[in-house]
Amino acid sequence: MRLSRYFLPVLKETPSDAQIVSHQLMLRAGMIRQQSAGIYSWLPLGMKVLKKVEQIVREEQNRAGAVEMLMPTIQSADLWRESGRYDDYGQEMLRITDRHEREMLFGPTNEEMITEIFRSYCRSYKDLPKMLYHIQWKFRDEIRPRFGVMRGREFLMKDTYSFDIDEAAARHSYNRMFVAYLNTFARMGLKAVPMRADTGPIGGDLSHEFIVLAETGESEVFCHADLVEMAVPGADVDFEGDLQPLVDQRTALYAATEEMHDADEFAKVPADRQLSARGIEVGHIFYFGTKYSEPMKAMVMHQDQKEHAVHMGSYGVGVSRLLGAIIEAHHDDKGCIWPESVAPFGAGILNLRAGDDAADTACEDAYAKLSAAGLDPLYDDTKERPGGKFATADLIGLPYQLVIGPRGLKENKVEVKIRRSGETHEMSPEDAVNRLAEGAFSNG
RNA sequence: CGGGGCGUAGCGCAGUCUGGUAGCGCACCUGGUUUGGGACCAGGGGGUCGCAAGUUCGAAUCUUGCCGCCCCGACCA
């Protein structure tokens, strides 16, 4: 992409209503624009990162055996009356009346709808297990939206729903998501710690929040420090096999949010391993048994020739919130530092003197070759002065900057800057392009 | 919803107390000089001061109502 043709409205100054660094940087880097309290437009740069994050979530869901579909944003109130949640959900649900005076709502979640779909088609225990997900915009009319995309009213969520024959089978589905989430967040450069969460009226031990530690997090958390650095299972996990040991390895160590915190248990953690911090909830997994299948009659015939309600779980990832979490984890005073896996462009090419023949030629050549290599470079071909180009490149956080100007070219030199470390390497244009194309500067 | 704060040019703000022809920096446009880490000079455009009503000879400024946004609290991916 040529910057001259792109839409990248960067701000030099920090908008006054942004309180936390991720919100400030998303506004300054021209990623989002607030349209109303807690409601944002995703500008091109933000959209690109959002899609990358979404794709990682999707790939890991698919790997874990979940099947993608798409449900609508608008739902019928009748569906929610079946589960009893229409009255329970309260003011957080945005209720809408259509022209025929039908009561509709903008979905805050999809348990009812997926249960309705499941029960319409699945009648036998032989149809189980099933695991379906979608990535769709949700609306929750939060009392107080804040911190940009961290607590928006409209937000993009991945929600998965599992259907199993009994609690033991549901536990395996739960473990699939538990492990999938560990891998998902690690791929984005996040250290997410699973923490015991409140299971509400269902009880049991099957609910975990996945928390990214960050000073600006909304939750106070307490955990064994080893959990933070624990290596994730990785891509070659056998999701059909026994995942319980992987789960136990983590749940054996203390980790809880404020609501679930037990000071006495925490005190048993070795003192030098006790970690109390703040965190951002990026995922939440939940087993809720027959809470919806019972009232909504999602029954399957078992071998005993009787109908039984299916055991369900739901598993959410705040996709749009993840962008905030990633920036909180990866930034400096100059701007964002995107992990390569979610960077909006693979590299930036900075033409320090657009209009100079030598610089233009070298930049065009690098742009063509890096594009061909699949790096999806952003070529700053504007007439702006070098200082502004450096500042913009740092602000939007591209992992690599290929800096090309007439002064260096006289000695056949260009500069490669690594955003995360700030280090620069001088070399010939050919070397720079080749090494960038082959990922020579990557640290994985 | 309770408590607090703020709405003045695209962004950041001053002016409001004490009413008297709407300002500053950045950004933008034109010309010129510049050009390797957010240049300089000169000129220029842009605001019914959130909306409405009221007080007044006169309102960004005082009064009332409404709207929007932000922060603290209880809830959530």
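Note on naming: letters A, B, ... go to the chains in the order of the sequence lines (proteins, then strands), and numbering restarts at 1 for each one. Just so you know, these numbers use all the heavy atoms, side chains as well, and skip hydrogens, waters and symmetry mates.
When each of Arg353(A) and Glu384(A) is assigned the nucleotide of RNA chain B bearing its nearest heavy atom, the one mapping closer to the 5' terminus is Arg353(A). Residue-to-nucleotide proximity on RNA chain B shows that, of Ala18(A) and Val414(A), the 5′-proximal contact is made by Val414(A).
Side chains of Ser83(A) and Glu112(A): a donor-acceptor N/O pair is present below 3.5 angstrom, by distance only.
Distance noted for atom P between rU61(B) and rG46(B): 23 Å (whole Å). Of the P atoms belonging to rU55(B) and rG15(B), the separation is 29 Å, rounded to the nearest Å. Separating the P atom of rC57(B) from that of rG5(B) is a span of 33 Å, rounded to the nearest Å. Comparing rG50(B) with rC40(B), their C1' atoms are spaced 38 Å from each other, to the whole Å. Spacing of C1' atoms, rG25(B) relative to rA39(B), comes out at 16 Å, to the nearest Å.
One finds a salt bridge joining Arg2(A) and Glu364(A) here, because a Lys/Arg side-chain nitrogen approaches an Asp/Glu carboxylate oxygen to under 4.0 Å. Salt-bridge annotation for Arg196(A) and Glu209(A): absent, with no side-chain N of the basic residue lying under 4.0 Å from a carboxylate O of the acidic one.
Counting any heavy atom pair closer than 4.0 Å across all strands shown, Lys417(A) reaches a base atom.
Listed by first then second residue, pairs satisfying salt bridge (Lys or Arg N to Asp or Glu O under 4.0 Å) with a partner in residues 246-263 of chain A number zero, not counting sequence neighbours.
Phosphate contact (OP1/OP2 of rG68(B), side-chain N/O of Gln34(A), threshold under 4.0 Å): absent. One finds a side-chain N or O of Ser16(A) lying less than 4.0 angstrom from the OP1 or OP2 phosphate oxygen of rC13(B).
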Protein-to-nucleotide contact annotation, 5' to 3' order, nucleotides 41-46 of chain B [B base; S sugar-phosphate only; - none; under 4.0 Å, heavy atom]: ------
Where protein sits on nucleotides 22-33 of chain B, one letter per nucleotide: B base, S sugar-phosphate only, - none, heavy atoms under 4.0 Å: ---BSS------
Sugar-phosphate or base contact per nucleotide [nucleotides 72-77 of chain B; S, B, -; heavy atom under 4.0 Å]: BBBBBB
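The ring of Tyr6(A) has its center closer than 6.0 angstrom to the ring center of Phe345(A).
Atoms NZ (Lys389(A)) and P (rG37(B)) sit 13 Å apart, rounded to a whole Å.
Classified by interplanar angle (parallel below 30°, tilted 30° to 60°, perpendicular above 60°), the ring pair Phe266(A)/Tyr254(A) is tilted.
For Ala170(A), the side-chain contact (heavy atoms from CB on, under 4.5 Å) test picks out Asp164(A), Tyr287(A), His311(A), with sequence neighbours left out.
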Residues 11-25 of chain A side chain polar contacts: donor-acceptor under 3.5 Å, at least two apart:
unit_1	atom_1	unit_2	atom_2	d
Ser22(A)	OG	Glu328(A)	OE2	2.7
His23(A)	ND1	Gly148(A)	N	3.4
Gln24(A)	NE2	Ala18(A)	O	3.1

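Judged by Watson-Crick or G-U wobble contacts below 3.5 Å, the nucleotide rC28(B) has rG44(B) as its partner. Using the Watson-Crick or G-U wobble rule with both distances under 3.5 Å, rG68(B) pairs with rC6(B).
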